[in-house]
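Scope of the values below: all heavy atoms of this structure, side chains included, with no hydrogens, waters or symmetry mates. Convention: sequence-line order gives letters A, B, ...; per-chain numbering from 1.
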Amino acid sequence: MALFSKKNKKEKGLYLSDKPPLTVAGIIGLVMSYTILFAWVLAIVWPLFQMVVSAFNGRQQQYIMGNENFEFSLRHFEFLYNETYYLTWVRNTLFIAISTALLTLVMVSFTGYAYSRYRFKGRKASLMAIMLIQTIPTFAGITAFFTMHSIVSSVIPAFSRQMMLILIYAGPAIASNTFILKGYIDSVSTELDDAAKIDGCSNFDIYRLIIMPIARPMLTIIALWSFIGPFMDYLLAKVLLTSPSTYTLAVGLFTLISDFRTMNQPAFAAGGLLTAIPIVIMFVVLQKQLVSGLTSGSVKG
Amino acid sequence: MATYSVHLKDDIGNKYERKNKYLLQLAQLDEKIKQEADSNKKTELLKERKSLVSNKKKHPHNIRLEEFRKKEGEFLNSLKSNVAEYKKTLSEKTNNQVKNLKTRMYHHEKRIDFYKEYSELTYEADFKYRESKIHVEQIPEIIDFIEGIEAELFQAIEAKDNLDPKDDARMKEDLKSFKKEAKEKRDKEIQKVKERRKEGIISSKAETNAIKEVKREYKNQVKLQEYKIPSKENKDFIRSKKRELANGIRRSEKVLKADVADTRRKIPVEFEKSRPVVAYATILLPGVGQLINGQRRKALFFILATLFSYFIAIPYALGYGNYQGEGVAGLISLAEGGARVDKSLIFMIEGVVAIFLVLIAIGLFYASFRDVLKTERRMIRGIRPTNWFETKRTIFQEGFPYVTSFPAMLVIIFIVLVPVITTFLLSFTNMNPQNQSKFTWVGVDNYKLIALGEGLAGSVFWLIFIWTIIWTLVATTLAILLGFFLALLVNNDRIKGKKFFRTIYILPWAVPAFITIMFFSIMVAPGGVITEILNSIFNSRIEIKNDTVLTRAALILIQGWLGSAYVFLLTTGVLQAIPGDLYEAADIDGASSFEKLRRITVPLVLFQIAPLLVTQYTFNFNNFSVIFLFNSGGPFDPQRYGNLAGSSDLLISYVYKLAFVNQYQAIAAAITIFISLGVMFFAFLGFRRSKGFKEGRL
C-alpha cells in the first residue's frame, strides 16, 4: 500500500485504477446504492436500538410506550433478576441445549461413521428409512409427546419434561445429521483408515483416532446447530413445559408480554437483550462455520 | 435323503480327509449311489447303506470312538485332581500369574500325552492335541518374560531403598544450572528468529513455527536432563517396567488365542448330522441353539434376547405390564368400556409401542435363528464353530456398525416414529372436546370434514390454507429478493465499508427470532413506538393488531426483515466465490451490467442456493413462531373464522390451537398429517438434488 500511495503522489492526475472511470450515471447509481444500503442499516438497527433503549429506560412502566422520555436505569434488569425466573430459564435453556448437542453429537458421530465406512446388511434400507424420517417435521408427533411423557414418568419418576424435550430435539437431529456427517466422511479418502488398520487399529481406534479428528469441523457445526435449535424453539417447549420454573427462555420471556399477570414489557426488553448479546456474538464470530453447515447438508429449514 | 460328502471343507475351501471311517464309508456309498445309473444296483447300494446305518453301533470305528470317549472321561476326571495337586507343589513364593501359567502348562502337557495317540482316530482329539501343543510351546516364553521383568523390577525396587539422597540433591543442583544455561540459549535463539523476521527474511508464520520448535527443543533437553536424577530415573523405570509387564502378558495371551483360533480354522469337525435341525428346533428360544453348538458366551447374549422377548416384549404386547393399556389389543378397543381413568390416547400409544417391541423381538429371533443355522451348516461342511475369541473379533469388526448405531435407532424409533404413528392413527378417531378421555375409530371422517370444509373445526380450513399459501409465497419471496438485492449492492466493487454492512445485515439472523418478533409485537401494539409514529403521520388512530390486513402486512414485512439476512448471507458467500474473469470476459464482449447480472450472477447464485431456498419456503409454511408470538394468530374475526382460529393463523398455529387450546386433537392430527406430507414432499425434492443422494452413495 505504501508503495502505491507514493506513486500516486508523484503522478497526480493520472488515472491508475483497474476500474473504468465513473460516468455520471455511475455516480448516481453509487449514491443510490449507498442510500439504499444505509436505509437498510437503519431498518435493522432502529428496532434493535429501540429494544436497548427500552431496556435501560427507567421511565417505562409495565408497557413500553413510544412517547416517553429517557432516563437511564437498571431497574428493569433488577426486576428481571428479582421478580422473574430469568436465571432459571437461562439455566434450563442451557441444560436442554447442551444436553441436546451432546446427545446428538455422540450418536451422530457413530452413525455417520458407520454408514459411511461399513457395508453391512440392511444398510441401504435403514438409510432410506432415516432419509424419509428426517423429512417428517418434528411437530407431527406433538399430540403424543405429552402423553408419552406421562407414561414414561410413571415408570421412571426422575424422567422430567425437560428430558423428554431433550430427546424430542435430539431424535430428528440425529436422523438429519447422520446424513450430513455421512456425506462429510464420505469425502474423506479411506486410505487413512486402511493404513491405520494395517497398523493394527481396531474399528473403535479408527473412529477415535482417525475419523473424529478429521470430522471435527463438521462435528463442530452439528454441535452448534443442535445447541442453537432449543434456544430458538418456542412451540415444542411451550407444549411440553407447564410450570414457569421449568420454562426455557423463549417460553419464559413470552410470559412477560403475553400474560396480564406477569406483563412487564421493559423487563422483556432487558431479558431479550441479555439473551441476544451472547448469541449475536456467537453468530458473528462463527458465521462461516454456521453457514457452511447450512449449505452442506441443509434439508430442513 | 440326507447325504454325506467324502471330504470335509474348511473356511477357505481346503479339503480334508474324513477320519471317521463310518461316516467315510457312508459318504463313499452316497457318492456311488449318486453316480450309479443302473436302478438294480442302486437299490442294492441303498440296501447296503441301510444296513450300515442300522449297524452303526457295531462299526469298528464307532466302537473305538466309544472307547475313546470313555477313556477321555476318566482322563479328564483324573486330570482335575492331578492339576490341583500339582498346584500345591509349587512354592508359595512364586507369583500368582506364574503359578497359574505353570499349572496351565502342566495341564496341557498331560493333555498332549493323552490325546496324541487318538489324534488319528478323530479330529476332536487331533484338535485338542494341537491346541495343547500350542500352549506348551508358548507358555514357557510367557513365563520367561514375566520372570525376566520381575527380576528387573526386583532389582530396581531394591536399588530404590539404597539410593543416596546426596546424589539426588547434587543432580538437582546440576539440573538447575543446566536449565539456566538452556534457557539463555533458548532466549537467544528466539531473539535471533525475531530479528530475522524484522529484517523480513522469514514470514510471520515461519517465525511462530521456529519459536515453537526452539521451545520444544528446550523442553526436551530439560526432560532428558531430569532423568539423570537417580530417584526420578528409578521411579520411571519401575513404572515403565510394570506397564511393559501388563501389556506384554496381554499381548502374548492374544497371540496364543489367535494361534488357537487359527488351528480351529484348520482342523475340521465331523458331524453325524447332515441337515440343520437345531436352528429350526430352537427358533423360539434364541440362545439355546448357540448353547447346543457349544458357543456358551454367545449364547448368553441371545438368552438376554430371549428374556427380553418373553418377559418384556410379548407380555407387553399382550397387555401385561402396561401403564394403562392392553398392548396391541388396546389399539382396537381404545379403552372402550374400560375404567373411568383409562384414556384412549394412552391405549393407542401403548399399542404402538407394543408393536415396535414385538418387531424388535422378531428381529432378535430372526438374528438368532440365522446365526444358529449358519453355524450348523458350516459344521456340516466341516467348519468348526467359532469360539468367543473369534466371535468377539467378528462383533468388533462386522458388528461394529450395528452396535454403534443401535442407540440412535432406538431414539429414532421411540421419539420420532412412535409419536408420528400415533398422530397418524389419531387422525382416524374422534378425539374432540366431548370425547377427551375415551374416543373411538371413525375412519376417514376427519379428512372428509377438512376436504369438504364442514364442521366447527373444518369449516375454516380452506380459508387458513389459502392464507398459509399466500403467506409462504409472499413472505419468502420478499425475503429472498431483499436479501439477494442487498447482497448484490454490497458486493459492488465500488462500495466501501463492506465489512460494516455485512456485519449489520446479518443481525436479524443472529438475534434470536423470538426476541425480535416479540419486540416488534410490542412496538406495533397500541401505544407502541411504531403505532405512535404511524398515528402522527396519518393523523388517525391505527390499530395494527386489530386489523386483519394490517396484521398480515406487518407479518410479511417482519418475516422479510428476518429472512433477508439469511439469504443475504448465502448469496454473499456465492457471489464472493464467482471468479472475476467471467465478468472481465463479459466486459470485453461488451456486456452491460444488467446483462452481466442476468446471464452470470443470477444463474450462478440460483444454481447454488436453490435447494436452500426451497427449505425457506417450507420453513415459512410452518413458521409458528412469527405468527404466534406476534399476535397469537389474531386478530379474531368470529364471523369468518369462528372461535377456533384468528385471521392470521397458519395451518400450524391452527393445529396448535385445535390440539392444545380447544382439544380437537383428532382433526388437528389430520391437518398435521396433511401438512407433513406436503413438507415431506418438498423436503424430498430438495434432498433429491443434494450431493449425497445424486452420487448414488447410499
Side-chain angles (χ1 to χ4, degrees), chain A residues 19 30 33 36-37 40-41 44 50-51 63-67 107 110-111 114 118 120 124 127 133 135-137 140-141 143-145 147-148 151 154 167-168 170-172 174-175 179 183 186 202-203 231-232 234-235 239 250 254 257 265 268 272 275-276 279-280 283-284 291 298-301, chain B residues 323 345-346 349 396-397 400-401 404-405 407-408 411-412 415-416 419-420 422-423 426 486 489 493-495 501 504 507-508 510-515 518-519 522 527-529 532 569 573 612 615-616 618-619 622 624-625 629 659-660 665 669 672 676 679-680 683-684 686-687 691-692 697-698:
Chain A
K19 301 165 200 159
L30 203 60
S33 297
I36 296 169
L37 289 179
W40 191 246
V41 167
I44 287 174
Q50 285 298 326
M51 188 162 89
Y63 292 90
I64 294 178
M65 291 305 186
N67 50 2
M107 297 216 170
F110 277 118
T111 50
Y118 295 89
F120 50 94
K124 209 169 174 177
L127 208 54
I133 286 168
T135 58
I136 304 172
T143 21
F145 288 142
T147 316
M148 273 177 75
I151 295 174
S154 76
L167 287 178
I168 293 172
I174 291 169
F179 265 95
D186 275 346
S202 68
N203 285 324
F231 259 96
M232 306 296 182
Y234 176 82
L235 178 56
V239 169
F254 190 54
I257 63 165
Q265 291 179 343
F268 162 77
T275 315
I279 297 184
V280 168
F283 268 69
V284 172
V291 174
S298 107
V299 177
K300 264 182 177 175
Chain B
Y323 171 59
L345 187 58
I346 294 178
I349 292 175
F396 276 111
Q397 273 169 10
F400 187 83
T404 50
S405 43
V411 172
I412 289 178
I415 296 301
V416 183
V420 168
T422 308
T423 307
L426 204 59
L486 289 168
L489 284 187
D493 281 342
R494 295 189 197 272
I495 296 289
F501 286 120
I504 298 286
L507 280 181
V511 179
F514 71 88
I515 293 175
M518 290 181 206
F519 199 74
I522 292 175
V529 190
E532 291 298 316
L569 204 56
L612 293 165
T615 64
Q616 282 298 293
T618 51
F619 170 75
N622 287 323
F624 176 82
S625 302
L629 300 182
F660 296 100
Q665 283 96 338
T672 308
S676 301
V679 172
M680 279 170 78
F684 188 76
F687 199 77
K691 222 168 82 189
R697 292 180 78 166
L698 279 175

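Applying the side-chain hydrogen bond (donor to acceptor under 3.5 Å, both in side chains) criterion to Ser202(A), with sequence neighbours excluded, gives Asp205(A). For Thr111(A), the side-chain hydrogen bond (donor to acceptor under 3.5 Å, both in side chains) test picks out Thr178(A), with sequence neighbours left out.
Looking at Ile504(B), the atoms closer than 4.5 Å to chain A (heavy atoms on both sides) sit in the backbone and in the side chain alike. For Ile257(A), the part lying under 4.5 angstrom from a heavy atom of chain B is the side chain only. Only the side chain of Val416(B) comes within less than 4.5 Å of a heavy atom in chain A; its backbone stays farther off. Heavy atoms closer than 4.5 Å to chain A are found in both the backbone and the side chain of Leu629(B). In this structure, chain A has a heavy atom under 4.5 Å from the side chain of Ile349(B), while its backbone stays farther away. Using a 4.5 Å cut-off between heavy atoms, Phe660(B) contacts chain A through its side chain alone, with no backbone atom that close. For a residue to count as touching a neighbouring chain, one of its non-hydrogen atoms must lie under 4.5 Å from one of that chain's; by this rule Phe268(A) touches chain B with the side chain only. Heavy-atom distances place the side chain of Thr422(B), and not its backbone, under 4.5 Å from chain A.
A 4.5 Å side-chain heavy-atom check between Phe624(B) and Tyr234(A) finds at least one atom pair inside the cut-off. Between Ile495(B) and Leu30(A), some side-chain heavy-atom pair lies under the 4.5 Å cut-off.
The choice from Ile168(A), Ile36(A), Ile174(A), Val280(A) that makes the most heavy-atom pairs within less than 4.5 Å of chain B is Val280(A). In terms of non-hydrogen atom pairs under 4.5 Å with chain B, the most contact-rich of Ser154(A), Ala250(A), Ala276(A) is Ala250(A). When each of Trp40(A), Phe120(A), Phe145(A), Phe110(A) is checked for heavy-atom pairs under 4.5 Å with chain B, Trp40(A) comes out on top. In terms of heavy-atom pairs under 4.5 Å with chain A, the best-connected choice from Val411(B), Leu486(B), Leu426(B), Asp493(B) is Leu486(B). Annotation: maximal heavy-atom pairing with chain A below 4.5 Å, among Ile522(B), Val420(B), Val511(B), occurs at Ile522(B). Each of Ala140(A), Ala175(A), Ala170(A) has some count of heavy-atom pairs under 4.5 Å with chain B, and the biggest count is that of Ala140(A).
With rounding to the nearest 0.5 Å, the separation of CD1 in Ile515(B) from CD1 in Ile279(A) is 6.5 Å. One finds the CD1 atom of Ile44(A) at 10.5 Å from the CZ atom of Phe501(B) (value rounded to the nearest 0.5 Å).
Here the closest heavy-atom approach between residue Pro419(B) and residue Met148(A) is recorded as CG-SD, 3.6 Å. Taking all atoms of both residues into account, the shortest heavy-atom contact from Met107(A) to Pro407(B) is CE-CB, 3.7 Å.
In this structure, Tyr118(A) and Phe400(B) have tilted ring planes: the angle between them lies in the 30° to 60° band.
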